[in-house]
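A, B, ... follow the sequence lines: proteins, then strands. Residue 1 opens every chain.
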Amino acid sequence: MMDVPTTEPLEIREHIVEFVSDSGEGAQTAGQLFASVCARSGAGVWTVEIIPAEIEPPVRSRAGASGIRIRFGSEEVTNMGDEADLVVAFNEQVLYSRIDQGALREGTVVVIDDVWATHRDESVKAAYNAAMEDFAERGYDVRPMPLDKETAKLTENTRRGKNVWVVGMLAAWYSMDLAPFEDEVARIFNRKRKGQAVIDANHKMLRAGHAWGQKNLPVRLRVPVEAAPKPKVVMNGNTAVAMGCMAAGIEVCSMYPITPATSASHYLAAAFDQAGGFVHQAEDEIAAVAFAIGASYAGKTAVTITSGPGMALKTELIGLAVMGEIPLVIVDVQRGGPSTGLPTKVEQGDLLHAVYGHPGDAPKVVLAPSTIEECFHYMVTARKLAETFRTPVIVLTDANLATGQAPFDYPELSEDWLSPPIDQSPWSGSTRPYEWDDKTGISPRPIPGQEGGQFVLTGLAHNEKSHIAYESALNQHAMEMRSRKMAALRASLKPPPVVGGDDGDLLIVGWGSTRGAIEEAVHTMRAEGVKVSSAHLRFLAPMEPGLTEIFARFGKVMTVEINYSDGDAIDIDQEGRRRSQLAIMLRSATLVDVESWSRVPGQPLPPSMIIGAIRDALSEDA
Amino acid sequence: MYGVKTDWFEPSPGCHYDLEDYESLEARWCPGCGDHAVLTAIQRICRDEQLPPHETVVVSGIGCSSRFPHYMKTYGFHGLHGRALPLAEGVRSRRPDLNIFVATGDGDCCSIGAGHWIHAIRYNMKMVVMLFDNNVYGLTKNQTSPTSSHGQRTNTHPRGAWLQPIDPIQTTLGITNASFVAQTIDWHPAHLTATLRAAHKHDGLSFVRILQRCPHYTDDIFDFARNDASKILLMTHPDGVEVPAAVAKGFPNATSHDPSNIDEARRLACGEDGLPIGLFYRNPDAQRYDLFSIEGLATPRAEKIAAVRRVLDGYRV
Ligand SMILES: Cc1ncc(C[n+]2csc(CCOP(=O)(O)OP(=O)(O)O)c2C)c(N)n1
């Protein structure tokens with residue numbers, strides 16, 4: 001950025017902005033305000049929360065950094081991107097936490113509160129001055145600004161007002177109209193049930209920041225946007241899951257709190273009753289899934305929402321749902337594992353557990369939304385599949401989708417999405433409760449209350465009447481029937497679309513939240529003439545068809561995943577190499593020598609990292 | 001029939017459902033197992049109360065006693081070891097119209113499912129919970145259970161159980177929001193049936209511990225009381241479990257116990273006055289979670305859509 005005053009703003013396609021502060025200083029609220037207005041204007045937006053490592057961290061500490069990253073641009077934004085273009089830091093210590101995370105690059109503009117330069121505590125002053133030297137050395141474009149001093153003109157408690165002042169200042173920087181910000185401020189504080197006085201005070205702050213920016217900023221930027229043709233909603237993936245549950249007509253959400261899944265249940269708890277739903281906070285994850293299974297057995301659609309450690313506890317009961325053929329939706333918002341692992345961080349480590357992690361053969365559907373919008377819609381899909389195929393359906397999201405926010409088209413809701421009313425008409429006496437259709441394995445399901453439909457559901461091996469039966473041939477047949485449902489569903493699936501070219505040197509295969517970053521990397525590399533494409537799987541069990549044929553068109557196939565695999569650095573033979581989870585599944589399904597490139601950084605993979613992986617994969621060949 | 005004197009039961013005029021309507025596969029418990037008597041009692045209560053079999057659900061965990069649902073011609077759910085209660089709570093949560101009975105063993109309820117037991121009592125959702133307490137793991141062949149008595153020889157403690165047993169009644173009486181806590185015995189069909197019938201009539205979760213013999217491993221554990229009825233303390237009260245005078249006569253040691261008196265209930269549960277049977281405690285006003293969980297049940301579909309739209313509008317940009 002040049003310090004030459006211009007009248008015309010500089011046009012840019014996109015920018016990555018971060019707000020970081022001590023927790024309690026409202027950087028997150030400010031960021032959300034900024035992001036909402038961007039989305040409303042029609043810009044593409046992706047936001048990522050920056051969450052402090054502790055609940056009540058000390059002020060001016062790295063552990064206390066709280067805030068938000070907003071990537072916004074003229075086109076759709078599908079991931080958090082690489083390093084930030086501009087960071088607003090309320091103090092230098094919280095900025096260090098972002099530096100530690102690799103969020104800044106040379107040239108990143110750093111807006112920092114200059115209040116610390118004149119702080120009465122010498123040690124604070126010294127820390128600030130040392131940091132300023134260090135930042136300059138690191139090549140950041142450092143802009144100390146009077147955040148605190150200017151806010152102090154309007155309020156006694158600057159910790160409460162700074163955030164909105166900064167938003168006003170940025171509105172000037174990015175040449176945005178102030179009116180939509182004023183509207184959004186009113187909306188936010190109305191939602192929090194604050195009075196008009198609070199709204200007025202924040203409007204004043206906003207205008208003051210804006211005026212200061214117009215007067216003092218040497219350069220102004222502009223991200224050109226076209227108004228969105230359709231109305232949009234902005235939310236994070238957990239909210240989308242919760243809204244999706246409601247739109248699917250799910251009636252019971254039975255859960256036990258666990259990060260990063262809990263907030264989905266919070267949203268439901270706040271609104272579910274309006275749609276006639278009920279949230280049960282059970283005594284543990286086992287009880288949570290058992291409760292959901294009981295409700296479903298009794299004809300009510302149910303969901304249980306959890307994360308890895310909770311999935312582990314639910315394992316036995318999910319097996320029961322497979323065996324008893326009980327429709328059930330299970331959402332696993334994946335976090336870093338194993339064990340308690342990285343509670344707030346992203347990982348795609350539960351795939352094999354979801355697909356195979358049950359004693360015996362327990363076929364079930366496993367889906368993975370790849371966007372926040374899909375988090376919403378897949379709940380409807382999952383509910384329908386669960387009922388149609390009389391099976392548990394696991395929906396794998398992750399901490400990245402859970403806390404990232406992005407706009408998507410306002411869903412056109414339909415009554416068809418709701419679960420059908422429960423059938424209480426008399427049961428046709430001759431129909432058996434597991435009268436498996438030979439082709440599809442599907443059988444009609446009696447629901448308590450249906451006269452003549454009485455049967456005893458059991459997790460023990462059983463015949464079509466649900467009578468306990470251990471005969472060899474019968475066990476073989478029942479296993480086949482439960483497995484056949486997966487084959488029947490697979491027959492209705494389409495091959496995944498290939499992004500990029502239909503053939504080439506390298507095909508990247510991914511699943512879940514990495515899609516945006518993978519596709520961005522593919523587009524960037526293709527623009528350089530590299531023959532790379534990508535395919536993204538939404539159905540992991542059964543797997544989408546046509547993979548062998550697609551893989552054959554590429555010189556090399558490699559998965560990109562956020563889970564562990566032995567990298568090349570380790571001296572280990574190919575046979576003993578521990579591979580990433582999707583790669584294991586693809587190798588077994590296609591017999592293609594699918595490579596894996598996977599990392600467990602505890603954060604989403606930025607496009608640049610994937611570009612590096614693509615380069616390495618292709619240079620190995622050369 | 002089934003060795004039970006029929007004149008202990010009220011006649012059922014205009015009877016629509018007969019006993020056969022509740023009888024399914026032949027019970028495969030060992031001869032002499034106390035579970036047979038409980039099955040008979042429940043089938044009779046269902047018949048007497050004319051519970052429509054298709055509106056009745058028996059939920060169980062895993063264990064010998066948990067085979068119970070298979071022998072009833074109602075709906076049934078033979079679940080997982082320890083999980084009968086949360087499964088039954090789920091069934092109950094949105095189905096106020098169903099009659100729910102739960103069969104659970106002392107291992108099922110007091111060991112692997114102990115966490116659920118505490119919370120089920122607190123939730124107090126309408127259902128009859130029958131704890132088949134034979135002081136041993138039957139199905140898995142003679143391991144120590146949490147209710148095995150000190151010194152009881154089992155395959156896991158061949159030199160005698162080292163720990164003192166949990167008393168399920170004292171434990172349940174200690175849980176907040178308990179609403180019906182009773183104890184009965186498998187060898188006295190009249191008392192068994194009267195207790196289970198009172199449990200069924202209670203509006204809330206009725207917890208009934210049934211002292212039950214396993215003919216293989218614990219056949220003689222209650223001999224002291226079976227051979228000498230004076231070792232039993234019969235608790236009676238107009239608000240409790242009432243047995244006909246002729247039956248009461250068989251228990252020389254009887255007391256009138258007001259089941260609203262929890263302090264006295266806890267004292268009696270300690271067993272100093274004899275092995276107590278009857279109703280310890282009943283609180284018809286205890287909060288019922290199932291009255292909360294059914295809220296919104298009748299929400300029309302159009303209203304559901306409208307609600308989703310309202311919520312989505314809050315996120316609209
Ligand atoms: C998760 C799990 N652990 C262990 C078992 C094995 N198991 C089945 S029944 C049982 C104990 C049964 O004892 P109890 O609950 O007292 O019932 P009873 O057979 O005496 O009626 C055990 C340990 C199991 N089925 N599942």
Per-residue contact mode, [X] against chain B (heavy atom under 4.5 angstrom):
X: A:V252; result: side chain
X: A:I422; result: side chain
X: A:S254; result: neither
X: A:Y267; result: side chain
X: A:K232; result: both
X: A:P426; result: neither
X: A:H467; result: side chain
X: A:L460; result: side chain
X: A:Q424; result: side chain

Nearest atoms (heavy-atom pairs only) where [X] meets [Y]:
X: B:C46; Y: B:F101; answer: SG-CE1, 4.3 Å
X: A:I326; Y: B:F77; answer: CD1-CZ, 3.8 Å
X: A:H377; Y: A:P411; answer: CE1-CB, 4.1 Å
X: B:E26; Y: B:Y71; answer: O-CE2, 3.6 Å

Main-chain N/O of [Y] paired to [X] side chain as donor or acceptor, under 3.5 Å:
X: B:K126; Y: B:H202; answer: yes
X: A:Y297; Y: B:G76; answer: yes
X: A:S296; Y: A:A292; answer: no

Within the 6.0 Å centroid threshold, strictly below: A:Y256 and A:F291: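 Centroid separation for A:Y256 and A:F291: 6.0 Å or greater.
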A:F34 ring center within less than 6.0 Å of A:F72 ring center: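 Yes.
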Please determine, among [options], the option with the most heavy-atom pairs under 4.5 Å with chain A.
options: B:S93, B:P300, B:A84; answer: B:S93
options: B:R92, B:H81, B:R301; answer: B:R301
options: B:P86, B:G82, B:A298, B:G296; answer: B:P86
options: B:G115, B:P53, B:G113; answer: B:P53
options: B:R67, B:H70, B:E55, B:R83; answer: B:H70

Residue among [options] with most heavy-atom pairs under 4.5 Å to chain B:
options: A:D284, A:L320, A:T239, A:D273; value: A:L320
options: A:I468, A:V37, A:V279; value: A:I468
options: A:A39, A:G459, A:G453; value: A:G453
options: A:H280, A:M235, A:M323, A:E184; value: A:H280

Given a strict heavy-atom distance threshold of 4.5 Å, which part of [X] is in contact with chain A: side chain, backbone, both, or neither?
X: B:A302; value: both
X: B:R95; value: side chain
X: B:L25; value: side chain
X: B:E89; value: both
X: B:L312; value: both

message: Go through it in stages, so that I can follow the logic: the residues are B:D313 and B:R316, the test is salt bridge (Lys or Arg N to Asp or Glu O under 4.0 Å), and I'd like the CA-CA distance, side-chain angles, deciding distance and then a yes or no.
response: CA-CA 5 Å; B:D313 282 344; B:R316 192 173 175 147; 3.7 Å; yes
- request: Answer yes or no: is there a side-chain heavy-atom contact under 4.5 Å between B:Y75 and A:Q450?
  value: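 SC-SC contact between B:Y75 and A:Q450 confirmed.
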- prompt: When you check the side-chain N and O atoms of B:W117 and B:T172, is any donor under 3.5 Å from an acceptor?
  reply: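 Side chains of B:W117 and B:T172: pair found under 3.5 Å.
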field: Within 45° cone of B:Y22 ring axis and under 6.0 Å: B:R47 NZ or CZ
entry: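 The answer is no; the distance or angle limit is not met.
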Partner of B:N124 under side chain to side chain contact (heavy atoms under 4.5 Å, CB included), chosen from B:I175, B:D203, B:T176, B:N177: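 Passing option: B:N177.
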